[in-house]
Number of protein chains: 2
Amino acid sequence: MSAVIDVDDPADPRLDDFRDLNSIDRRPDLPTGKGLVIAEGVLVVQRMLLSRFTPRALLGTDRRLRELSADLAGVDVPYYRASAEVMADVVGFHLNRGVLASAPRPRELTVAEVLDGARTVAVLEGVNDHENLGSIFRNAAGLDVDAVVFGTGCADPLYRRAVRVSMGHALLVPYAWASWPADLETMRDNGFRLLAMTPNPQALTLAAAMEGLAGDRVAILVGAEGPGLTERAMRSSDVRVRIPMSRGTDSLNVATAAALAFYERARVAG
Amino acid sequence: MSAVIDVDDPADPRLDDFRDLNSIDRRPDLPTGKGLVIAEGVLVVQRMLLSRFTPRALLGTDRRLRELSADLAGVDVPYYRASAEVMADVVGFHLNRGVLASAPRPRELTVAEVLDGARTVAVLEGVNDHENLGSIFRNAAGLDVDAVVFGTGCADPLYRRAVRVSMGHALLVPYAWASWPADLETMRDNGFRLLAMTPNPQALTLAAAMEGLAGDRVAILVGAEGPGLTERAMRSSDVRVRIPMSRGTDSLNVATAAALAFYERARVAG
């Protein structure tokens with residue numbers, strides 16, 4: 001069982017992992033590389049405990065400690081127990097989720113590692129919004145996507161807001177940073193068919209494209225809302241696919257568009 | 001052509017429609033009913049001009065005036081032209097979209113009006129988050145849903161943030177507030193089959209349910225993230241449907257779940 005340590009001084013240096021969380025230097029993607037991965041709330045902390053991210057400290061209320069007691073049995077990590085007021089003082093704002101965990105950033109997985117055994121992967125280019133990124137991980141987890149590969153211009157999936165919006169799935173769904181666009185060839189060499197999402201009305205519909213590839217490994221390429229995939233990524237793909245849209249509307253949110261592709265893939269190949 | 005009126009005094013009373021937009025009393029859903037519907041940005045203003053919401057004033061930069069010139073031809077509404085700084089002073093924060101329009105709230109449509117001619121409607125219960133609500137309108141517009149019906153506990157789709165997230169589609173996709181749950185019977189009397197979304201593994205999959213109803217009018221009932229639909233709404237429905245989920249995950253974001261149902265309906269019945 002983890003040690004429970006009562007803390008009532010917000011200045012206690014043992015709480016430094018959780019200090020001023022809104023401050024920009026807490027971002028784990030800073031060049032210094034010193035950022036920590038922060039999990040917020042019971043559900044996300046539970047998922048961190050199941051993941052390759054090993055917490056080194058927890059800060060939370062007594063109530064959250066009780067909710068997490070089964071999860072923390074056999075885990076060797078200090079739980080700093082504090083009031084909501086002390087927690088707010090430390091993190092710099094009121095935190096209604098009541099518990100935080102901090103984990104050092106482990107080494108990144110390689111593209112080869114995340115492709116191993118995967119049937120469906122999402123490949124993102126230019127998705128630089130943490131909320132969209134978190135949503136994509138949540139959708140990937142629920143809709144049977146095995147891994148996420150990042151091309152250029154993507155935000156860090158371990159940033160606190162992305163982890164929170166992902167409901168912790170950014171810690172569980174394997175991801176890797178690609179050599180771009182060279183690793184698209186790596187994927188093709190591994191038997192993946194590359195599907196590029198586009199609003200182009202000449203493209204195949206999602207349903208038609210997925211039905212043709214039900215037995216294949218598939219990589220679904222998604223670009224940022226607005227610009228979409230670069231021409232380079234488009235040219236490197238095997239099939240261009242579109243979501244049939246009504247009313248002359250031109251786009252959906254990028255995480256929603258990705259969810260529809262994941263859904264269709266799972267429906268046809270599941 | 002609309003009158004263009006240059007303004008450089010942020011205290012000018014003609015700009016009162018746009019003053020202190022973050023202040024709570026600007027919400028159009030207040031009991032006083034005095035709130036205005038506010039459109040932000042060129043695209044949303046364009047959609048307002050196409051909608052049943054008639055703007056009574058615009059406030060924007062010269063650049064946005066030029067971008068809107070074709071849309072404003074023949075429209076009789078004053079355009080208060082100001083610098084970004086004056087605009088920020090008026091609205092109370094920096095507004096990077098550069099243009100705003102205000103419209104009085106018209107009468108609400110009735111359920112009968114929005115059902116007329118509709119083949120697919122979304123029915124929402126307890127969706128009280130403006131961002132989710134806005135996303136649902138955006139998804140409805142793009143994925144061929146004809147109207148939205150609100151049961152109890154839903155937020156106002158005309159609140160500024162909902163309109164913005166909807167990309168203006170909250171102004172274009174017809175919606176109505178239902179007598180709840182009595183209007184579920186109204187829908188059934190009008191030939192609609194009522195599909196209730198649930199995580200229950202006993203429910204039919206989306207694909208199976210939609211295939212059985214391709215020729216019918218369909219109402220897709222969606223509840224709030226977390227609690228889902230009430231038992232009362234569940235009991236009033238004809239078919240319970242679920243999204244097949246992987247990894248033991250239990251839910252998607254409510255707007256994403258709705259998008260998958262809209263997509264599947266359009267795929268099968270489109």
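Residue numbers start from 1 in every chain, and the chains themselves are labelled A, B, ... in the order their sequence lines are given, proteins ahead of strands. Below, each value reflects all heavy atoms present in this structure, side chains not excepted, and no hydrogens, waters or symmetry copies.
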Worksheet item: Are there more than 12 heavy atoms of other residues, nucleotides or ligands under 6.0 Å from atom CZ of B:R63?
Response: no
Fill in: For chain A, the option from B:G142, B:S251, B:A255 that forms the most heavy-atom pairs under 4.5 Å
B:G142
Discussion item. If I compare all heavy atoms of A:L143 with all of B:S246, which pair ends up nearest, and what's the gap?
Written reply: N-OG, 3.5 Å
Worksheet, complete the sentence: Given A:L172, A:I243, A:L206, the one with more heavy-atom pairs under 4.5 angstrom with chain B than any other is A:L206
Discussion item. Heavy-atom cut-off 4.5 Å, strictly under: side chain, backbone, both or neither for B:V145 against chain A?
Written reply: backbone
Worksheet entry | Flag side-chain contact, heavy atom, 4.5 Å: B:P244 against A:R267 | no
Worksheet entry | Largest heavy-atom contact set with chain B, pairs under 4.5 Å, which of A:A259, A:A141, A:A266 | A:A141
Worksheet item: Once you round to the nearest 0.5 Å, how far does CG of B:L252 lie from OH of A:Y263?
Response: 11.5 Å
Worksheet item: B:A261 versus chain A, heavy atoms under 4.5 Å apart: side chain, backbone, both or neither?
Response: neither
Worksheet item: Given that the side chain runs from C-beta out, which part of B:S135 has a heavy atom under 4.5 Å from chain A: side chain, backbone, both or neither?
Response: neither
